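Contents: one structure, followed by commentary.
Computed from a predicted structure; not experimentally measured. Letters go in sequence order (proteins before strands), and every chain restarts at 1.
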Amino acid sequence: MKSNRGLLAGSGAMLVLALLEKEDMYGYQIIVEMGRRSSDVFQLQEGTLYPILHALEKDRCLESYRQMAPSGRERKYYHLTRRGKETLDGKRKEWESFRDGVDQVLEGGSNALAPS
Amino acid sequence: MQDRKETERWLDTATRGIRFGPDRRAVRAELEEHIEDRTEQLSSWLDPGSEELEAEALRGMGDAEELGRKLARLHRPWLGWLWYASRALVGILLLVCLLGVGSGIQKWQPGHVPGPSEAPAEREPESAKLGGYTFRIVEAMERNGTFRVVLRVSGLRFWEPADETGLVAHLRVELEDGTCIALENPAYSVEINRLYTSFPDTAARVAWGSDRGPDSIGEASMEIRAQERLFCRDIAIQLGESVLPGTGERIALVLDLPLGQIRLSARCGEEDAA
């Protein structure tokens, strides 16, 4: 099942930062890992990953370097900076607040109509 | 992939909005590498080199026009040129610093120190630096039968003026014939008024010639006064008749300090060399 693009809007940067928290990756590797970890819930149009990566690099949340990949070809790897880690932590808190709010609305819907 | 026309067209569309050349080439290379990886994965179930494979690879990359607009907004040309200019500026500054440091080290070396019996082959420096201070002879004149030489010690650290009492204790005057005039006993009394510091016990001190060794051979008159000025101290040394240098004769001021030796020279009778 592919996710609704509306739900994914704005969370692309957080997902990318979270993936790079564990290890440095290059673009195609990020796409594959994102699909694997989300059980294919998140499947980005692959080209749209690059504006996200480049914007994060411009904001100094990521830094890049070129290195030989396991495939034997040189690829551009991305590394999470300390600033990127702080940004990720901030976005995680925002997401948790958002998720808790949604959960409360979803769970509390019937209770709200129940007689007190 | 035998014919990559569609791939080349897709890449051209996605990157043509990036006007800064180096950025455009780098982004194009990165997208091309991604397409290469995606194509390799797809070739496990699609016919390698087929148009269908290429089409499927590009389909997964998304709309090239939309991607191109996003990339163009991110990669502004003036940022790229600014980055190149800053790199060039850093390189130039580094070169200037390297050249400047080289010349700076030379300036900070104290003046040439010849041996006691060695006549200077060339004129000795009239200023030298040591410990953050600059030492310079500003006067070397005969007046009314006495010879007066003034040593100026200056530094920007006005809160740490040169200690004239310490300097005087390490000071000696050398004449061309090898005669040295120095304080016999560094323990001297100091008179201080608001204009200058004087060292009255420096009158009638030891002098010796180069052929007679360090034992006292006589007495000489040496009066020393130190005057405080802004950012500097002037130490005026006045020699009496018995050791008066001749007009035009070279004299040397030597300071044997813990940090090193300062040796400055001037010609008797000259105006201020500055």
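The 12-atom threshold is exceeded at CZ of A:Arg99, counting heavy atoms of other residues, nucleotides or ligands nearer than 6.0 Å. Within 6.0 Å of atom CZ in A:Arg60, 12 or fewer heavy atoms from other residues, nucleotides or ligands are found, so the atom counts as exposed in its surroundings. Heavy-atom contacts from other residues, nucleotides or ligands closer than 6.0 Å to CD of B:Glu52 number 12 or fewer.
If you take CD on B:Glu36 and CZ on A:Arg75, they are separated by 5.0 Å, rounding to the nearest 0.5 Å. Considering CD of B:Glu30 and CZ of A:Arg66, their distance stands at 7.5 Å, rounded to 0.5 Å. Of the inter-residue distances, the one linking A:Glu46 atom CD with B:Leu58 atom CG reads 11.0 Å to the nearest 0.5 angstrom.
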Using the salt bridge (Lys or Arg N to Asp or Glu O under 4.0 Å) rule, take A:Lys76 and B:Glu33 through it: C-alpha gap first, then chi angles, then the decisive distance, then the call. CA-CA 9 Å; A:Lys76 183 176 178 184; B:Glu33 288 163 5; over 6 Å; no
query: Passes side-chain contact (heavy atoms from CB on, under 4.5 Å), B:Asp37 versus A:Arg73? Steps please.
result: CA-CA 10 Å; B:Asp37 289 337; A:Arg73 299 191 189 100; 3.8 Å; yes
* To do: Would you sort out whether A:Ile31 and B:His34 count as a side-chain contact (heavy atoms from CB on, under 4.5 Å), showing the intermediate values?
  => CA-CA 10 Å; A:Ile31 291 292; B:His34 188 110; 3.7 Å; yes
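Heavy atoms only, all atoms of each residue included: A:Lys58 and B:Leu74 are closest at NZ-O, 3.2 Å. Heavy atoms only, all atoms of each residue included: B:Leu31 and A:Tyr50 are closest at CD2-CD1, 3.5 Å. Nearest heavy-atom pair, B:Leu67 versus A:Gly47, reported as atom, atom and distance to 0.1 Å: CD1-O, 3.2 Å.
Looking at A:Glu74, the atoms closer than 4.5 Å to chain B (heavy atoms on both sides) all sit in the backbone: N, CA, C or O.
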